[in-house]
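Contents: one structure, followed by commentary.
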Amino acid sequence: MKFLALLKKELRECLPWIVAAAAFLLIFGSLELRSMVRRDVEEYQYRVFERYSEVSAYDLGKYPLGDVGALVFISAVGLGLALGVRQFWVADFTGTWGFTLHRSTDRTRILAAKICAAIISLIAGVGLVLCYLFWRASLPDYSPVPPPIGFLIGGWLICGVGLLFYLGAGLAGLSKARWYTTKLAGLGFAVWMFFTFTQQWTLWWSFVTLVIGTGVLLYLMWETFLKREF
Amino acid sequence: MIDEVVLETRGLTKYYGSVFAVDHIDLKIPRGCICGFVGRNAAGKTTAIKLMLGLLNPTAGTSKLLGCDSAALTPAIRQRIGYVTEGHRLFGWMNIVELERFQRTFFPGQWDGKFFAEMIEYFGLSKKQKIKHLSNGQRAQVSLALALSPNPELLIMDDPTLGLDAAIRRQFLSGMIEIIMREGRTILFSSHILGDVERVADRIVVIDKGVIRADCKLEQFRTAVKKVILAFEDSAPLQVDIDGLLHCRRSEKELAMILVGINDDKIAELAKSAGAEKYHIANMNLEDQFIEYTAPDGRGKLFKWEEI
């Protein structure tokens, strides 16, 4: 019950950002799908769909802003940053840590609720919208060839990039160092892992990169949160 | 059980870099006591309270609440402690109903919903109001209701009346008195409004520049700190040297002294030995006493209050 109460509170605080990210991806993603119909289908197939067995995060992200993959990148990264700032920077700024932390539960559970809320938010704000766009793109009206499943898997991995940025922003918010020293190190690491992620040529290696980056940031955030002074 | 200590600190110290915020605080607050924790701005009150609640890590020393080390307060112990934060920082997007629902989850079988509703009604608030739309005073009232409703054994409040007008402060203190009426409840509240302390506290802890300057019953403090004015026919002596002298101010024919722990007989003797023509003991309220006691020229002088 206590965890659920914490989770609910975190989700409610994240809700405006979930809605914003979902609306962004839905609107611009739908527009992009419409424009896809008018494009040279053959070229598109060559660039993405016919190479589906080798489709990578790089493929999904390297196209101009108009491409759905790039939109997923933008929404996931933006939502991740917004969640990190909302959960950790705003709590610091509004001085609600004392009220949040002094209750009959431990810090581990409070942090777990925050991270779970962030994961659910990324799934709801980006992942599910991506599924919807994938389904729409699979309809004959949009494309003569249904997009490969690699597109969807890659998109979900990009949601994971949102988690990377969430952890980076959160860690920066928890850090008490000055901004020009190590305060933004977590965020810097997230950016570095993001570029490493996009440079991988297979989804498998993108996944490995994501797991390593997320693992490192998660461990650092956990340690920082449990020991930090509020 | 009346002598059971619910809050104890030993050598509690906190440095921020090379600057100390609190310095070797030794406190023992017995059960059933209403303790006013007073000090000027930046005296170290909030830091000390946060250390006690385990929100800050001490540089040295230890602190125990209800027998449990502050650095490792268990959820079960936290459930027995109410805490009102400085500035009454609550979740602004919640309304009072949502906030109560959230808060009661953490006090299973302990939350008194009827009492909470009564408090909210007493303060004239609507449960539908969002916290962010409440004034500072109204937020203070909600904070108090939230802290009191689980009927905590120990209530710690960090400057709860800060920024409140006189009427709201009085209402707030009435709410505090509500809990005082409950047997065995202990309250520690920091404040720099001495009128509030005088109204409800039975014990006073004075902190000044991170150092505990007094820890005694309120009545002890009231009777111990005195302002004595010696009047001389000729010019007043440049200085007098007596035990318990905190500081003195000299004018042409008068010497105004702040004395600590000196009884009236000794004051009469002092006046006589100093060659004063006459003397009188000035009336001081708690605020005057506090201001004189923590005046910069009296710093560094410590008195053992327990022995007074």
Side-chain angles (χ1 to χ4, degrees), chain A residues 1-20 82-83 85-114 116-117 121 174-178 181-182 223-230, chain B residues 14 16-17 21 46-47 49-59 65 70-95 98-111 131-132 139 142-143 146-147 150 152 156-158:
Chain A
M1 282 300 285
K2 290 176 186 175
F3 181 78
L4 280 179
L6 289 165
L7 183 63
K8 201 173 153 191
K9 174 233 162 207
E10 296 297 339
L11 282 173
R12 173 60 186 79
E13 287 178 352
C14 295
L15 189 60
W17 300 105
I18 301 172
V19 172
L83 296 175
V85 169
R86 177 66 189 88
Q87 289 189 359
F88 297 95
W89 294 69
V90 173
D92 240 13
F93 180 71
T94 55
T96 50
W97 279 125
F99 182 67
T100 307
L101 294 175
H102 179 73
R103 51 192 62 253
S104 60
T105 188
D106 47 32
R107 285 191 188 187
T108 310
R109 205 178 290 193
I110 292 170
L111 181 61
K114 284 183 182 293
C116 282
S121 302
L174 286 172
S175 169
K176 288 196 165 184
R178 293 180 194 276
T181 57
T182 57
E223 285 292 304
T224 310
F225 191 77
L226 296 189
K227 290 175 184 164
R228 187 189 190 254
E229 298 187 318
F230 290 93
Chain B
K14 178 68 184 173
Y16 290 109
T46 298
T47 301
I49 284 176
K50 284 187 169 182
L51 285 167
M52 290 170 197
L53 285 165
L55 295 173
L56 293 177
N57 305 322
T59 308
L65 294 187
S70 294
L73 284 180
T74 61
I77 294 288
R78 284 199 189 272
Q79 195 170 329
R80 293 160 60 194
I81 303 166
Y83 173 43
V84 175
T85 58
E86 188 183 30
H88 315 289
R89 310 292 175 84
L90 305 168
F91 306 132
W93 58 269
M94 286 188 183
N95 63 29
E98 289 169 325
L99 197 54
E100 188 209 359
R101 202 178 298 141
F102 177 71
Q103 192 75 344
R104 76 184 310 159
T105 316
F106 296 91
F107 299 95
Q110 197 181 324
W111 186 266
I131 301 299
K132 67 181 171 192
R139 274 208 325 276
V142 175
S143 282
L146 288 171
I156 297 178
M157 298 192 281
D158 191 358

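Order of the sequence lines sets the chain letters (A, B, ...), proteins ahead of strands, with each chain counted from 1. Here the structure is a predicted model, which is why all the values come from computation and not from measurement.
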ask   = To the nearest 0.5 Å, what is the distance between NE2 (A:H102) and CD (B:Q79)?
value = 10.0 Å
Main-chain N/O of A:K227 paired with B:N57 side-chain donor or acceptor, under 3.5 Å = yes
ask   = Which residues satisfy the salt bridge (Lys or Arg N to Asp or Glu O under 4.0 Å) test with A:R228, sequence neighbours excluded?
value = A:D92
Within residues 11-19 of chain A, residues adjacent to chain B where the heavy-atom gap is under 4.5 Å = A:R12, A:E13
B:T105 versus chain A, the contacting section by heavy-atom distance below 4.5 Å = both
Aromatic B:F91 / basic A:K9 pairing, under 6.0 angstrom, 45° off normal = yes
inquiry  = Measuring centre to centre across the rings, with the benzene-like ring taken for any Trp, is A:F99 within less than 6.0 Å of B:Y83?
reply    = no
key: Top of B:E86, B:R80, B:Q103 for chain A proximity - count of heavy-atom pairs under 4.5 angstrom   = B:Q103
inquiry  = Between B:L53 and chain A, with a heavy-atom cut-off of 4.5 Å, which part of the residue counts as in contact: side chain, backbone, both or neither?
reply    = side chain
ask   = With a 4.5 Å heavy-atom cut-off, do B:F106 and A:T105 have their side chains touching?
value = yes
task = Examine whether an atom of A:L4 lies under 4.5 Å from a heavy atom of chain B, and if so say whether it belongs to the side chain, the backbone or both; otherwise answer neither.
result = neither
task = Sort A:R107 into side chain, backbone, both or neither according to what part of it lies under 4.5 angstrom from a heavy atom of chain B.
result = side chain
ask   = Do the side chains of A:R103 and B:F102 get nearer than 4.5 Å, heavy atoms only?
value = yes
Lys/Arg N to Asp/Glu carboxylate O, B:K14 vs A:E229, below 4.0 Å = yes
Proximal component of B:L99, with respect to chain A [non-hydrogen, under 4.5 Å] = side chain
task = Answer whether the closest heavy-atom distance between the side chains of B:L90 and A:T96 falls below 4.5 Å.
result = no
Heavy-atom proximity to chain A below 4.5 Å, by part of B:I77 = neither
